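Note that this is a predicted model, so its numbers are computed, not measured. Chain naming here is simple, since letters A, B, ... match the order of the sequence lines and numbering starts at 1 in each.
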Number of protein chains: 2
Amino acid sequence: MGPEEFRAAGHELIDWIADYRARIPELPVQAQVGPGEVAGKLPAKAPEEAEPFARLLADLEAIVVPGVTQVQHPRYFGWFPSNATLSSALGDLATAGLGALGITWQSAPALTEVEEVVVEWLRELTALPESWKGVIQDTASTACLVALLAARERATDYSEARGGLQAESAPLTVYTTRHAHSSIPKAVALAGYGRDNLRLVGVDPVTYAMRPEALAEAVEADVAAGRRPAAVVVNVGTTGTTAVDPLAEIVPVARRYGMWVHVDAAMAGSALLLPEMRWLVDGVEGADSLCWNPHKWLGTVLDCSLLYVADPAHLIRVMSTNPSYLRSAVDGEVTQYKDWGIPLGRRFRALKLWFHLRLDGVEAIRARLRRDLDNARWLAEQVEAAPGWRVLAPVGLQTVVLRHEPAGLDADGLNRHTLAWVDSVNTSGAALVTPSLLDGVWSVRVSIGAERTERADVELLWRLLQHAAANAEAG
Amino acid sequence: MGPEEFRAAGHELIDWIADYRARIPELPVQAQVGPGEVAGKLPAKAPEEAEPFARLLADLEAIVVPGVTQVQHPRYFGWFPSNATLSSALGDLATAGLGALGITWQSAPALTEVEEVVVEWLRELTALPESWKGVIQDTASTACLVALLAARERATDYSEARGGLQAESAPLTVYTTRHAHSSIPKAVALAGYGRDNLRLVGVDPVTYAMRPEALAEAVEADVAAGRRPAAVVVNVGTTGTTAVDPLAEIVPVARRYGMWVHVDAAMAGSALLLPEMRWLVDGVEGADSLCWNPHKWLGTVLDCSLLYVADPAHLIRVMSTNPSYLRSAVDGEVTQYKDWGIPLGRRFRALKLWFHLRLDGVEAIRARLRRDLDNARWLAEQVEAAPGWRVLAPVGLQTVVLRHEPAGLDADGLNRHTLAWVDSVNTSGAALVTPSLLDGVWSVRVSIGAERTERADVELLWRLLQHAAANAEAG
């Protein structure tokens, strides 16, 4: 496809996207297709001949749109916000249009240096320590794996350069809570620690936050047994309840044993743009790494995750390679992001952050985040005040975990009731919320923060929830 | 930014990209900036107020374009092709516009099912075994790490679920050649095997391909010493010389010892679309996994790497997580790609492959690949026929490794001569080639395959190389 064909098709696609975004509020939130339905509409083989662009657009409309859950919908309250702001989408388009290749600084100096500048902008905006350096990763899952690899290598004095983890005698252990994101135990497993060496430290029964005393006890027991505590993953805004582990109290325990402290603030990190929310990471100057995802609440289109580290030289030593075909005269003077993560080839992801921050402006982004925090507090108040309803965890961020608890139901009955009314809300297409187990019982997460969610949408949701629960109760 | 502002800015950006792509041939190939130059043009802090789109476009033009090496340039012959076809860029734009969230099948059924269909289209097009299943990863580096984690877990009967690699007594070993991509030793290190347990098996001195007898000897020596051979990484199209390890002869050795066979065809995989090139992976039905990157020669915009596996159930067991908030009624009936790789959240990457194949058509893509193979053969013939010039490795793909060897130079002198004339070509901006060490001596890689590189561009390059070498020789 040449530039002129691209121009014509590109204009059509831009119009299609603008129209699509404008009519999202009229679409059902949850995807309305069953397993295999999308695949069944696609041919079994790739086309030998080029197809006209109109056919692609028609398929986008007829097959793809009904086949995705509309996370840009103002009544999307599922999982966590996954905003894809149109300002960042423009940056992403610039990335594809430029077609730059990020393998070394030399292959695309601007790819590296815009990234350096933008992650520094965000470091300053989130008040992370001045000496920390950041890098864009794809997701918090990968960032956590990278952090746990860095922790492993620090604990073993770079065993990767010798016999590997398999040559270590005393086992390394990792600590977090059972409320940690599923990517944390996954990273522990992939990094080779083994799930037997992951300690799920006890949490406070009300806040679901890690108990520092429980961490200290677990660490001491492992040390006494000849094991080597290597890392603690501190959850700032858990997926289940947005619980916040007390970083300032965890750091001294970790420091005492030389453990790596990784802060997983995948969703909550956006809140650090608000000075009044910086308490979330009190004590962060004693941590080793922190990750948060602009592709969630902040709204930089997927995938865009920030990993900050206190000691970049260590990360580089763990990750570096230097084949001859990638050497250049400026090595040593420049940042080589290939040595800050797993992939060699890197997309120019910084452009979407750059466009996002510049086209929307930080003040407007802060106002939106504050709107969402207000909406969550408002919803929590309504739920607390409604007979038979309960808020199940502190609402410190933008997620409300709730349950409708009619009298006379046993545990099984309550679970059936909850799953029934949630399902009726979600299948209606009017809104989407997420059922989730809390202390072994099904609860409902209402995660506020879609870019276009206003108070009226939260009010409507609250009516929908009450209506669905009453209907389910009536049987 | 609302849909109407996006529409206006989007049209401007589409026009800018079309114009930019049209004028790339007039731009210098190599980025023309020094360290810190791009960063120095950017403000130290993010803007509080929204900026007008015109300012972004102006910065793209003035700061970003001169700050990237133009890998879409018809005289880009560096590293490997990194084509970002405009057809795939449209698919990528659709991805950003849709803003779908891939965490489970349920979050975006179309994201999963278009991916399943498109990777199956490409499996069929590349004649990989019918039972194999594929998944899109970001890069071959990540895909190789995933493969080596799968190998590690197969060799240890899922040690990750117990004490991890650190609890294993007999060390696991991995085999490849010294011509393997730098991401292979990196993956060995990150997966915890340790670099001491990576064997660089001997290669044929002419073809630079792995010698199966040398592999067998290395494996037998390790087994005799009580070590456990876990995996061999077979290089199909090495970065240095596009050497092709003899897969059909390697598989029986690996099978004898239960080793995982991973095929790294990151660049060369595109050639498998051509029936006459299928010899590259003769014996692949005995392998366990294969990776290749549509974001290289094929031209699907970064990042897009395909990982195919013979036993998806094993990969899923290694990678799976199943927290309550991600469960749904259709679990078990659908593909959950979160369990096929490291990240949980996934971008709708399949759209760019879907658009690319449909808008360009497979026949035209095959014609382009054949054009590039022809151009490489033509260049190799010119070099072979020119006095003082030498082709240093078999030209089985689209890369020619060459050297100008004037009489009377010692080894150091030859290195200085080579680096001098290459540097003069690259800094001129007229073309870009890559200096690379081969057998410890600097050589020059000419990697043909940019989407817009025609025979005339290769002819011009050949004149430039001769001119530069003659000038350097003359001092």
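Heavy atoms only, all atoms of each residue included: A89(B) and A96(A) are closest at CB-CB, 3.9 Å. Y20(A) and L98(B) make their closest contact through OH-O, 3.6 Å (heavy atoms, listed as atom of the first residue, atom of the second, distance). Residue P343(A) comes nearest to S141(B) through the heavy atom pair CA-CB, 3.8 Å, listed as atom of the first residue, atom of the second, then distance. A pairwise comparison of heavy atoms in A46(A) and L357(B) identifies CB-CD1, 4.4 Å as the closest pair. The minimum heavy-atom distance linking G99(B) with A84(A) is given by the pair CA-CB, 3.7 Å. The shortest heavy-atom contact between K186(A) and G341(B) is NZ-O, 2.7 Å.
Using a 4.5 Å cut-off between heavy atoms, V117(B) touches chain A through its side chain atoms alone. Heavy atoms of S320(B) lying under 4.5 Å from chain A belong exclusively to its backbone. Only the side chain of L149(A) comes within contact range of chain B, with heavy atoms under 4.5 Å apart. Looking at L122(B), there are no atoms closer than 4.5 Å to chain A (heavy atoms on both sides), in backbone or side chain. In this structure, chain A has a heavy atom under 4.5 Å from the backbone of A191(B), while its side chain stays farther away. Only the backbone of E37(B) has a heavy atom closer than 4.5 Å to any heavy atom of chain A. No part of K41(B) comes within reach of chain A, as not one of its non-hydrogen atoms sits under 4.5 angstrom from that chain. Both the backbone and the side chain of L359(B) have a heavy atom closer than 4.5 Å to some heavy atom of chain A. Contact annotation for R346(B): only backbone heavy atoms (N, CA, C, O) come within less than 4.5 Å of a heavy atom of chain A. Neither the backbone nor the side chain of T85(A) comes within less than 4.5 Å of any heavy atom in chain B. If you measure heavy-atom distances from D19(B) to chain A, the contacts under 4.5 Å come from both the backbone and the side chain. Contact annotation for A161(A): only backbone heavy atoms (N, CA, C, O) come within less than 4.5 Å of a heavy atom of chain B. In this structure, chain B has heavy atoms under 4.5 Å from both the backbone and the side chain of V33(A). With a 4.5 angstrom heavy-atom cutoff, A44(B) touches chain A only via backbone atoms.
E168(A) contributes atom CD, which lies 8.0 Å from atom CD of Q166(B) (distance to the nearest 0.5 angstrom). Once rounded to the nearest 0.5 Å, the distance linking CG of L60(B) with CH2 of W354(A) reads 6.0 Å. Remark: M1(A) CE to L90(B) CG distance equals 5.0 Å, nearest 0.5 Å. Summarising the geometry, atom CG belonging to L57(A) is positioned 6.5 Å from atom CZ belonging to F355(B); distances are rounded to the nearest 0.5 Å. Note that CZ of F6(B) is 4.5 Å distant from CD1 of I17(A), once rounded to the nearest 0.5 Å. Note that OG1 of T69(B) is 8.5 Å distant from CG of L101(A), once rounded to the nearest 0.5 Å.
For R21(A) (side chain) and G97(B) (main-chain N/O), a donor-acceptor pair under 3.5 Å exists by modelled atom type.
Using a 4.5 Å heavy-atom cutoff, the side chains of L190(A) and V318(B) are in contact. Taking the side chain as every heavy atom from C-beta outward, L344(A) and S183(B) never approach each other to under 4.5 Å. Annotation: side chain of L93(B) is not in contact with side chain of W16(A) (no heavy-atom distance under 4.5 Å). In this structure, K45(A) and V362(B) have side chains that are not in contact, with every pair of non-hydrogen atoms separated by 4.5 Å or more. The shortest side-chain heavy-atom distance between W121(B) and P43(A) falls under the 4.5 Å cut-off.
The residues R366(B) and E48(A) are annotated as salt-bridged, a charged nitrogen and a carboxylate oxygen being separated by less than 4.0 angstrom. A salt bridge links D15(A) to R7(B): one of the charged nitrogens lies within less than 4.0 Å of a carboxylate oxygen.
When the options D92(A), T139(A), D303(A) are evaluated for a side chain to side chain donor-acceptor pair (under 3.5 Å) with R347(B), the one that passes is D92(A). Looking at V64(B), V38(B), L42(B) one by one, the single match for side-chain contact (heavy atoms from CB on, under 4.5 Å) with E113(A) turns out to be V38(B).
With sequence neighbours excluded, the residues satisfying side chain to side chain contact (heavy atoms under 4.5 Å, CB included) with A266(A) are A140(A), D264(A), N293(A), K296(A). Remark: D138(B) pairs with T142(B) by the side chain to side chain donor-acceptor pair (under 3.5 Å) rule, at least two apart or across chains.
H11(B) and H11(A) have tilted rings, their planes meeting at an angle from 30° to 60° on a 0 to 90° scale.
In terms of heavy-atom pairs under 4.5 angstrom with chain B, the leader among V68(A), L56(A), V301(A) is L56(A).
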